[in-house]
Structure formats: structure tokens, C-alpha cells
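Proteins come first, then strands; the chains are lettered A, B, ... in the order of their sequence lines, and each starts at number 1. In this text the structure is predicted, and so the values were computed from the model without any measurement.
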Number of protein chains: 2
Amino acid sequence: MHPRIVDTLKRNQLSITDSRKKILEMFLQRKGALAHADIEQQSGEEFDRVTIYRTLQTFVEKGIIHTIPSADNSVRYALCKDDCSEGHHHDNHVHFMCDHCGTTYCLDHVTVPAVVLPSGFKVTQVDVVASGTCMKCQ
Amino acid sequence: MHPRIVDTLKRNQLSITDSRKKILEMFLQRKGALAHADIEQQSGEEFDRVTIYRTLQTFVEKGIIHTIPSADNSVRYALCKDDCSEGHHHDNHVHFMCDHCGTTYCLDHVTVPAVVLPSGFKVTQVDVVASGTCMKCQ
DNA sequence: TATTATTTTGCAACATTGTTGCATTTGAAC
DNA sequence: GTTCAAATGCAACAATGTTGCAAAATAATA
């Protein structure tokens, strides 16, 4: 088991349960974004569907993972780089979604260019979702 | 009825039906993004739910409207500026979603800054989804 | 305009996805 | 180990999205 798992849960004052450990491990191993459905598939019958929903929700609230917007009604989740601060506002972020294999990448080190909006708009968060073909699919 | 409606449908070789006229009119009037649920509510019992799904799908395929990614499993749709070419690839786009009132704005005239991705990624589309407070809500 | 061919719609049935309340179980604290 | 708090699983439900097919509306043709 990945050493960071228990650490992360403790730091966020969460009880250390099987489902949380397992789901967190999936994120740490895969190093890519996961949708609810992915987790459900990978964990087989191990956990109830409801537990997965609640676990993801908890992780998002604690800033352990964050959501990635998508245009097809299938929100994906990815690990936050070193846990965002609690209550989390994940400022700037670039994601890449491969049209071919569907893999979603979370590109933490790509800087989001400043977006200038018309006056009156107060921006607190900018998500950039790029899509195309990833390195594995071309 | 908005004069562009019949035009737009004809140009896209679509039969001119009540549901299409009505839904297209909603987009032309509202000048903001609409979710499936919005349309369903606004049209009351007038059309079947299935018809709305199929109409939206058709409009997207024809490039009359486009989808706006969201982080909450509720894809929204907005009119394409002067219909994208058929088969449509909507290159660059900035959207703004108000955390307060939920209104989604489609900012066609804001330029999307170039995003530089690691080599190996071939980008065909970039969506920028900003969120915060809109001018009506502050 | 009347007739035929094509397209679209509505219905029904179904599949998938997400939510809520509550009893039971598990983990944490003592 | 016992007690308390938290998390899980189950069941039931609500919401959302999909498919096939007959009926209706639209378009094309005479």
C-alpha cells in the first residue's frame, strides 16, 4: 500500500476505512483522472455505489481530489497536487482529454494564461480543458 | 418569431418542426447557455423529453449550438456564433459560470490565450471555463 | 392541391446515474 | 474491552438518458 495514503487521511481528519484507502490508492497508482464509473468497475462488488459517491464527495470537500469539467456529463476526478487547502479553491488548472482513448490528464505544471474578462465579472477560478490526441494515441 | 429561425433550420437541411423552432427561439432570446432541464421546464408539457434530447443532439451535430463543459454533471448548450461549419469543431472558447445565480455566459469575443502543452499532446480544442461572480450578482 | 415518401415525434419501456434515510457495522477514543 | 462517533450497506427512490416502434407531421412529387 502506498505510504501516503494513511498520512493523507489522517491529515484530513478522516477515519481510515477500507473504501477510502482503496479509492485513494487508485488515484495514487493511476496518476490520471478517474470517473465514478471507473472506480465502480475497478473495485468490483467490493463497495456499495453509495459509498463511492460519498467517498468522492468527502475527498473533494477536503481538497484531496478535484473535479475536472467535461462536455459529456461525466465529471472526472484527479488528485490535487499536495492537497489543496481545506475548503479548497483550486485556482488555475489545465486538463487534457484525449478524444481517442478517453484518458484525462491533469497537467499541474502547465501554467494557465491570464484570461481577461469584461468588467463586471469577478473570476475566482479558471479551468482550461484542452482536447485532442494524447502521446499514446498518435 | 425570430426571423433567423427558419433560415437556420433550412440552411442545415432540417425539417421545420414546432419543437425545433421553439427550442431555437429559446436560445436566440435568452442569449445565454441553456441546460436540458431549462428547456424542459420552459416548454412545459409541450414536447416530450426525448424530443428535446434529440433536438439538442441534432443541433450540436449541425453546429447550431455547442456544449459547455461543467464540473457538476450538467452540460449546458449555447448558440454558436454564426453556426460553426458542419461537423463543427469549435476551436477556442471562453465561458463564464456564475457561482451565485448559475447563469452561464458564452463570451465569444474574449480571446483564448494559447496554451502550451508538453510535446506529444496534439490539441484540437481548448475550452476555458471561468467561474466566480457575474455582474448581476455582486 | 392531392398523394407518396421521408423525417420527426411521442410513447413505452428500459438502463444508468445520483440521492436519502436508517439500521448495522466499523473505527476512534478512552 | 467498552463506549461513542463515524462510515457503510441496503432499500427505496428520483432524476437523467437511451432505444424501438407506431403514429403524426413535414417535404417532395405529381
Inset, instruction - Decide if atom NE2 of H100(B) counts as having more than 12 heavy atoms of other residues, nucleotides or ligands within a radius under 6.0 Å. - result: no
Inset, instruction - Nearest whole angstrom, please: distance from the C1' of dT19(C) to the CG of N73(B). - result: 13 Å
Inset, instruction - Rounded to the nearest 0.5 Å, what's the gap from CZ on F27(B) to SG on C80(B)? Could you check? - result: 10.0 Å
Legend entry - Pairwise 5' ranking along DNA chain D for A37(B) and S19(A), keeping only the more 5' one: S19(A)
Legend entry - In one Ile/Leu/Val/Met/Phe/Trp/Tyr side-chain cluster, 4.5 Å: V110(A), V112(A): yes
Inset, instruction - Would you kindly compare Q57(B) and K21(B) by the position of their nearest DNA chain D nucleotide and give the one closer to the 5′ end? - result: Q57(B)
Inset, instruction - Whole angstrom is fine here: how far is it from CG in N12(B) over to C1' in dT7(C)? - result: 16 Å
Legend entry - Transitive ILVMFWY side-chain link V126(B) to I68(A), under 4.5 Å: no
Inset, instruction - Using the side-chain contact (heavy atoms from CB on, under 4.5 Å) rule, pick out the option among V60(A), L34(A), I39(A), I64(A) that qualifies with Y77(A). - result: V60(A)
Inset, instruction - Would you give the length of the straight line joining atom NE2 of H66(A) to atom NE2 of H95(A), rounded to the nearest 0.5 angstrom? - result: 4.0 Å
Legend entry - Atom pair CZ (F121(A)) and SG (C137(B)), whose distance is rounded to the nearest 0.5 Å: 10.5 Å
Legend entry - D72(A) CG - dT16(C) P separation (whole Å): 17 Å
Inset, instruction - State whether the distance check finds a donor on one side and an acceptor on the other, under 3.5 Å, for side chain R20(A) versus base dG27(C). - result: no
Inset, instruction - May I have the distance from Q13(A) (atom CD) to dA29(C) (atom P), rounded to whole angstrom? - result: 10 Å
Legend entry - Nucleotide nearest L14(B) (side chain, heavy atoms from C-beta), chosen from dT19(C), dG27(C), dT8(C): dT8(C)
Inset, instruction - Give the rounded distance in Å between these two atoms: CD of E40(A) and P of dT17(C). - result: 7 Å
Inset, instruction - Specify the residue among R54(B) and S15(A) whose closest nucleotide of DNA chain C lies further upstream toward the 5′ end. - result: R54(B)
Inset, instruction - Tell me whether V129(A) is reachable from I65(A) by hopping between hydrophobic residues (I, L, V, M, F, W, Y) whose side-chain heavy atoms are closer than 4.5 Å. - result: no
Inset, instruction - Under 4.0 Å between any heavy atoms, over every strand shown, what does T58(A) touch: base, sugar-phosphate, or nothing? Just pick one. - result: nothing
Legend entry - Verify same cluster id: M135(A), V94(A) (apolar side-chain graph, 4.5 Å): yes
Inset, instruction - Would you jot down, in residue-number order, the residues of residues 41-52 of chain A having a non-hydrogen atom under 4.0 Å from DNA chain C? - result: R49(A), V50(A)
Inset, instruction - Give the first and the last nucleotide of DNA chain D, reading 5' to 3', that has any atom under 4.0 Å from a heavy atom of chain A. - result: dA6(D) to dG17(D)
